[in-house]
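First up is the structure itself, then whatever we jot down about it.
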Amino acid sequence: MIIDHPLLGPRDSSEFVYLGDASLIDRPDWQAENAAEAFYDYAYLRDNPAGEHRELWFHESGDRSWLVVTRNTMTHEISKVELARDVARAQGRSK
Amino acid sequence: MTQGNRLSGGQIDRNTTLNFKFDNRSYTAHPGDTLASALLANNVRLIGRSFKYHRPRGLLTAGSEEPNGIVELRTGNRQEPNTRATTIEMFDGLEARSQNRWPSLKFDALAINDRFSNFLTAGFYYKTFMWPAAFWEKLYEPMIRRAAGLGSLSMQEDPDEYDKGFRHCDLLIIGAGPAGLMAALTAGRAGADVILADEDFALGGRLNSESFALNDGTAADWAAQAVAELSALPNVRLMPRTTVIGAFDHGIYGAVERTGDHLASLPAGKPRQILWRIYTKRSLLCAGATERPIAFENNDRPGIMLASALRTYANRFATTAAQRVAVFTNNDDGHRTAADLHAKGVKIAAVIDVRPDAPINHDYEVLRGAQVSDTKGRLGLSFVEIALADGSTRVLECGALGVSGGWNPNVHLTCHQRGRPVWNDDLAAFVPGTDLPPGLSVAGAANGAFSTHGALRSGAESAMKALDLKGSLPDLPAAEDAPASQTPFWYVQGCSRAWLDQQNDVTVKDVKLSHQEGFRSVEHLKRYTTLGMATDQGKTSNMGGLAIMAELAGKSIPETGTTIFRPPYTPVPIATFAGRMKGKEFHPTRLTPSHYWAKERGAVFVEVGNWLRAQWFPLPGETHWRESVDREVRQTRASVGVCDCTTLGKIDVQGSDAAAFLNRIYCNGFAKLAVGKTRYGLMLREDGMVMDDGTAARLAEDHFVVTTTTANAVGVYRHMEFVRQCLFPDMDVQLISTTEAWAQYAVAGPNSRKLLQKIVDPEFDISNEGFPFMACGNITVCGGLRARLFRISFSGELAFEIAVPSRYGDALMRRLMAEGEEFNVVPYGTEALGVMRIEKGHAAGNELNGTTTALNLGMGRMVSKKKDSIGSTLSEREGLNEPDALMMVGIKPVSQTDKITAGGHLMNATGPVDAAHDQGYATSAAFSPALDCHIGLGLLKNGGARMGEKMRLVSPVTDLTVEVEIVSAHFVDPEGERLRA
Amino acid sequence: MHDLVAITALGGSEPRVDTTGTVTCSEVPGVALASVAARLGREKKAAKALAKLIGTPAPAIGRFEGAPVAAFWTGPDQWMVEAPFDSHEDLAEQAKAALGDTASVSEQTDAWVRFDLSGADVLAVLELLCPLDARKMEEGDAAGTPIHHLGCFVLCRAPEAFSIYGPRSSAGSLNHAILAAMTSAL
């Protein structure tokens, strides 16, 4: 596969390491009332869609950026590639 | 007789004669020949025995689709089974042998199978070897394995080199026949970055096989001119002998270039084959078409070939399978073969055409409306029996029969991303569908444009379209433009032992039987009968099987289905996929800064991940590794030892939020760590299990050096980047690995300070007061070299780790050894390191095994509840905190001489020994020189409360039971007095 | 002045040089390196300070700039600074002094081994080593790429001259891969 890195352009997927569902960005608040339940969901439960999937890839042999890649699991078509840091910020993550 | 079947003309170099051997007999050939054409030229029709029935077989085709003519090539460790004679380019000294015959090709004992063919039908193995079950492993499988398979492996290591490479282009053209050449000319002249790949060594495809003209010259001449023009274009790369084996995602194509297969021997270091990964924006499949046979009774005798193959052998290779030839066809193309052979002086026995209106253009006999009903000939074709239109039978004598049932477009690559071909009624064939791999288009015969003019035109048009070129079509050479309609004729009615898949011995009868037994899906038919599952992947047989199935089911072919194709297009040696990654180059090797010194000292090395680390340093006279390791441990604990610990991961963590970041990464606190201090850190996974451990040294307010275990260095760095970028993107923290930048040595033992004082520049105070336990700092050594010093200890002794830039690591180690002579300094390896950490009760890889929590390791209280850190929430789960949770303990044998075995399970002193009564297990074990007995670490239920308990350590695997006592994991210096000295 | 003698990444006292056909592969130990990563919110100031250090604007994505102190882009707001070893052994200190608290600086000199690869047929060697399209690289281009499973940087110094930076501990494996590709291609 080819991943169109937002900064570097098209790169072979062999340069990347796959992590999984981009929902891993949404780490729960440790002080929330339902933290135990929320962390359980976060750590163990994943959707397994036949179709569009947002997933995390690490450009290990490149610029060491984490990327959020939107990939169709049926066709491997990649419709969007974003810097995970930008996505995390947009989703309200900070420090 | 030498090359008795040579004809005139052809594209062979008659000025040079090559010698080769087949089944140990010597023959001659010419450059330009394949092994197949050379065998035919030498009047050799019988080439092998079939898979199941051991029937005599010859060549069916002249290309890579060949199911029958497969041989063992070369000798010794270069012996390669199942190579297709039709694709082996002749070289001087070539040696090949027939396969699947014993004792000889002409007399094969297992040919008896042919007599029992009534039993050896589809599903024979499934039905026969059902029971008793115990017979399978001992009797049936060995027996079948002996009988099955074609060629044999050399059983030696492949001595050749294979490469992998990467190429990029704007347009990849697959196949260099008329469509591919015309496409390459069109794209190349427009300046596009083009790769033109073809599996053949001569570019031109069918143009090299035909007698007709293009413009004023022959088709082959035009192809040669086109190749010459393309060779002169700097933007076009020609890749002959290169098979594009697969179309992968996003414009990546796999291609195998056979760089050395046509050479008698390879120069040293040159690859035999290169596996190219080709990245292209657009690609054009011009793979042509494959002629399909007609099934009739006994249609597998040597000499019965595809009509187009006979024509290729005659026109390109100037040879014929026999001097008297018949043709059996359902279309006009078959007549071309007869005409071309006739023109070369071969006697045409007759053209047998199933059509009542077959054309008659020559002075040989055409039998209209006739069909071949049977054939005869023991080791090769002698006679064909013909059912004439009037119902009578006629027998013709001939040594070869060309068969033509029409043509199938080579759609294989269009299916590699789940695309399905579609049925074309005019052609009575599958053509590429619409769901092609993105960026791929198809031209020429592969797309159903069967005439030469049609192929040329579609090649030019497709190239223009692919590259979005404007303007009119380039001038095309004048070429034949015969109409391309085909009327299907798959098999002669009433035939039974008529072969569809010649390599796997699947007949019309087998297909009928499987239908009768209820196999309705093509995929089931394929697996039940093995039709199309041989090395040729059914290139000449799938369609026939499908057509018969459709007829039996009373459905059309497209309703019945199609089998889709997967990579690779033709077989690829495993060695080609491995490339250079074999032997010690299987993965990169990482060497420590003291490696060359350690090698000089005669160190024994061990692989730790990709690293090579010194395991121990044997001295002359030491005959057992234990002697060396015990000595290294004793000497270190008695005085001072040095160990290369560069392999531990080192990550520079900087930024104003560096401390806050470490607070998130580690379960214990780091915010309050003073500058100049080091702290042990425990890293959890989000599920609460321990991920890794190490130390973090605070070199400045905003600068830490974090260490990881050797094994997890890469993973921990990746994890930290994940936390930084994805979880806390607004933290001001920067990470970079410095593992390789610094050579780091542990200097351990009561004299370690004294030794270091001789190295560290005097302005740095490393006394216990000036540089206490867990201190760290930047220093200089040996008169001004920048270095880092950490007072940390894995061995439990007074110890330091000292780091200098890697290039000076070798010199520093030598200096430490020289300066340490007065203290009897000893270098120690990973074994002694392991012994000392077990003696001290430090958890390592065996305990940090992915299933243990901080609590299990006796560090439960380290997990801070006052802050958020990765894994802290889930580490509090009830199930992980039950009172009888596993706890790390020490294990000592009750009898001093007994041995502890890591992996052994702890059982109560009395009571049953089974899984239900399991109390825990030993994780690490070593002989302790300090205690003079074996000791171990283990994980024991409620271990903290069971000190002094006598238990049994049981290893059912090695049938071992040892009485042990549970003790503190800290066997040596439990109060930690030594490391604070 | 300290008295420890350095060895090269390949373990020699002198850098290794190999030539096959038109292509020469030289081990280059005479180079100092330091990584520069801008602090959060100080990216522009860091780029400016880096520009001052290298005497030319901080390199954009995929580029290297400057002489004798040069820098190449390694990641978002991250660069590797490169200078002659003999005159800049303390490059990290110099860089830290120049960048102050606008960036984090780490010494990287001995984290890497550098091989310079040059000659008329150098592209034929590179296409056996890495997925980069080196034919399209121009003077001043720099890119990260895997070679033999090692994370490397490839810098185009001139039309037929490239530098490869790879992990120092794997210098032997990387050198072997390069020499094998030279024998294979040339």
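Per chain, numbering begins at 1; letters A, B, ... match sequence-line order.
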Take a 6.0 Å sphere around [atom1] of [X] and say whether it holds more than 12 heavy atoms from other residues, nucleotides or ligands.
X	atom1	result
B:Lys758	NZ	yes
C:Glu14	CD	no
B:Lys270	NZ	yes
B:Lys599	NZ	no

Can you tell me which of [options] forms the most heavy-atom pairs within a distance under 4.5 Å of chain B?
options	answer
C:Ala181, C:Ala134, C:Pro131	C:Pro131
C:Met1, C:Arg42, C:Glu107, C:His149	C:Glu107
C:Ser104, C:Ala6, C:Ala103	C:Ser104
C:Ala9, C:Gly172, C:Cys130	C:Cys130
C:Val105, C:Thr8, C:Thr109, C:Leu179	C:Val105

*Polar side-chain atom of B:Tyr596 near backbone of C:Gly12 as donor-acceptor pair, under 3.5 Å*: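 Judged by distance alone, no pair lies under 3.5 Å.
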Would you give the length of the straight line joining atom [atom1] of [X] to atom [atom2] of [Y], rounded to the nearest 0.5 angstrom?
X	Y	atom1	atom2	value
B:Thr739	C:Arg168	OG1	CZ	14.0 Å
C:Leu126	B:Phe166	CG	CZ	11.5 Å
C:Ile7	B:Trp597	CD1	CH2	12.5 Å
B:Ile759	C:Leu4	CD1	CG	8.0 Å
B:Trp276	C:Leu128	CH2	CG	5.0 Å
C:Ser170	B:Asn610	OG	CG	6.5 Å

I'd like to verify something: which residue of [options] has the highest number of heavy-atom pairs under 4.5 Å with chain C?
options	answer
B:Gly783, B:Gly165, B:Gly579	B:Gly783
B:Asp702, B:Ile274, B:Thr592	B:Asp702
B:His595, B:Arg277, B:Arg580	B:Arg580
B:His703, B:Arg590, B:Glu161	B:Arg590
B:Thr589, B:Thr259, B:Asp810	B:Thr589
B:Pro588, B:Ala811, B:Pro805, B:Ala658	B:Pro588

*Identify the two heavy atoms, one from C:Glu127 and one from B:Arg167, that lie closest to each other, and give their separation to 0.1 Å.*
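Heavy atoms only, the tightest pair is OE2-NH2, 2.7 Å.
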*Between B:Glu740 and C:Pro167, which heavy-atom pair has the shortest distance, and what is it?*
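For B:Glu740 and C:Pro167, the tightest heavy-atom pair comes out as OE1-C, 3.5 Å.
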*Got B:Thr738 and C:Gln108 here, is their nearest side-chain heavy-atom distance under 4.5 Å?*
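Touching, per the 4.5 Å side-chain cut-off.
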*asked:* Does any part of the side chain of C:His148, heavy atoms only, come nearer than 4.5 Å to the side chain of B:Met581, both counted from C-beta?
replied: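 The answer is yes; the side chains approach within 4.5 Å.
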*Contact part of C:Ala185 toward chain B, heavy-atom cut-off under 4.5 Å: side chain, backbone, both or neither?*
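Backbone of C:Ala185 only, per the 4.5 Å heavy-atom cut-off to chain B.
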*Which bit of C:Leu123 is near chain B, if near means a heavy-atom gap under 4.5 Å: side chain, backbone, both or neither?*
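Neither part.
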*Does anything in residues 71-102 of chain C get under 4.5 Å of chain B by heavy atoms, and if so which residues?*
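Interface residues of residues 71-102 of chain C: C:Gln78, C:Phe85, C:Glu89.
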*Residue by residue, which of residues 23-40 of chain C have a heavy atom closer than 4.5 Å to a heavy atom belonging to chain B?*
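Listed by number: C:Pro29, C:Val31, C:Ser35, C:Ala37, C:Ala38, C:Arg39, C:Leu40.
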Which region of [X], side chain (C-beta onward) or backbone (N, CA, C, O), has a non-hydrogen atom less than 4.5 Å from a non-hydrogen atom of chain C, or is it both or neither?
X	answer
B:Leu812	both
B:Ser737	backbone
B:Arg786	side chain

*Any ion pair linking B:Arg815 and C:Asp3 (charged N to carboxylate O, less than 4.0 Å)?*
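Yes.
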